[in-house]
Enquirer: 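The structure under discussion is supplied below as structure tokens; questions concerning it will follow.
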Amino acid sequence: MGAVAPAAMSLVVRNLQRAVPLRRARLREKVQAVRRALGVQRFDLGVVCVDNRKIQQINRIYRDKNTPTDVLSFPFYENLKAGDIPQPEFPDDYNLGDIFLGVEYIFQHCKENEDYYDVLTMYQKEKQVLEELSKHTGTRLQPLSRDLF
């Protein structure tokens, strides 16, 4: 039996880059909407916005790919099946993990008529779901929107 979950947990949004002007409040609103839609608003989540240099460094260290990218996720529950919501046993385990957004990379690949903040949150979720699914199926699934960015 899982622990009693708090009503809502924290969302930490950190902007560690200066390459792209970013309103954290607007990004926070979008991420909160995604969390509510997925039913995971009671879990902690960290979102860290970085530039191309930093995302490339993280990508090289953790994925052995020396190139900038859009999103890197570091889930708290590594063995969770795609689409499953964690069932923590302890209150401190209500955590989804951390997501690093390559905001400079995403901004450079946005189309003129796209809302940058919508692209940040939705592309982040699409990539995260496909990475989890790929892990469990042994395939390399790519977002359908990959050629759009």
Enquirer: Determine whether V12 and L16 fall in the same hydrophobic cluster, where Ile, Leu, Val, Met, Phe, Trp and Tyr are linked whenever their side-chain heavy atoms lie under 4.5 Å apart.
Expert: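 Not linked; separate clusters.
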Enquirer: Shortest non-hydrogen contact from C49 to L22?
Expert: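 In terms of heavy atoms, the two residues are closest at SG-CD2, 3.5 Å.
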Enquirer: Taking all non-hydrogen atoms of both residues into account, name the closest pair between Q56 and P68 and its distance.
Expert: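 Heavy atoms only, the tightest pair is OE1-CD, 3.4 Å.
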Enquirer: Could you grab the distance from atom CZ of R23 to atom CG of L27, nearest 0.5 Å is fine?
Expert: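 Reported value, rounded in 0.5 Å steps: 12.0 Å.
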Enquirer: Grab the two heavy atoms, one from D51 and one from Q17, that are nearest each other, plus how far apart they are.
Expert: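 Scanning both residues, the minimum pair turns out to be N-CB, 3.4 Å.
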Enquirer: Is the gap between the ring centers of F74 and Y62 under 6.0 Å?
Expert: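 Yes: the rings meet the under 6.0 Å criterion.
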Enquirer: Are any side-chain N or O atoms of Y105 and backbone N or O atoms of I55, one a donor and one an acceptor, separated by less than 3.5 Å?
Expert: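 Pair absent, no side-chain N/O of Y105 close to backbone of I55.
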Enquirer: Going by side-chain contact (heavy atoms from CB on, under 4.5 Å), L96 matches just one of V40, I85, D44. Which one?
Expert: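 Among the candidates, only V40 passes.
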Enquirer: Ignoring hydrogens, what is the shortest heavy-atom contact between V50 and F100? Give both atom names and the distance.
Expert: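 Where V50 meets F100 most closely, the heavy atoms are CG1-CD2, 4.2 Å.
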Enquirer: Quick one: closest heavy-atom pair of R14 and R24, and the distance?
Expert: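 Minimum heavy-atom contact is CA-NH1, 4.4 Å.
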Enquirer: Once side-chain contact (heavy atoms from CB on, under 4.5 Å) is applied, do any residues pair with E29, and if so which ones, sequence neighbours excluded?
Expert: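 In terms of side-chain contact (heavy atoms from CB on, under 4.5 Å), with neighbours along the sequence ignored, E29 is linked to no residue.
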Enquirer: Quick check: closest heavy atoms across P86 and F43, and the distance to 0.1 Å?
Expert: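 So the minimum-distance heavy-atom pair works out to O-CZ, 3.5 Å.
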Enquirer: How about CZ on R60, more than 12 heavy atoms from neighbouring residues, nucleotides or ligands closer than 6.0 Å, or not?
Expert: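 Yes, CZ of R60 has more than 12 neighbouring heavy atoms, counting only those of other groups under 6.0 Å.
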Enquirer: Walk me through whether N59 and N66 qualify under side chain to side chain contact (heavy atoms under 4.5 Å, CB included).
Expert: CA-CA 6 Å; N59 203 17; N66 192 20; over 6 Å; no
Enquirer: Does D70 form a side chain to side chain contact (heavy atoms under 4.5 Å, CB included) with L101? I'd like the steps, not just the answer.
Expert: CA-CA 6 Å; D70 49 6; L101 294 177; over 6 Å; no
Enquirer: Is a side-chain donor or acceptor of R36 paired with a backbone partner of Q41 at a separation under 3.5 angstrom?
Expert: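 Answer holds: no.
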Enquirer: Would you indicate whether the side-chain heavy atoms of L11 and V31 approach each other to under 4.5 Å?
Expert: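 Yes. Closest side-chain heavy atoms under 4.5 Å.
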Enquirer: Please walk me through it: do L45 and N95 pass side chain to side chain contact (heavy atoms under 4.5 Å, CB included)?
Expert: CA-CA 6 Å; L45 176 64; N95 191 335; over 6 Å; no
Enquirer: May I have the step-by-step check of side chain to side chain contact (heavy atoms under 4.5 Å, CB included) for N52 and Q108, ending in yes or no?
Expert: CA-CA 10 Å; N52 280 347; Q108 289 169 343; 3.1 Å; yes
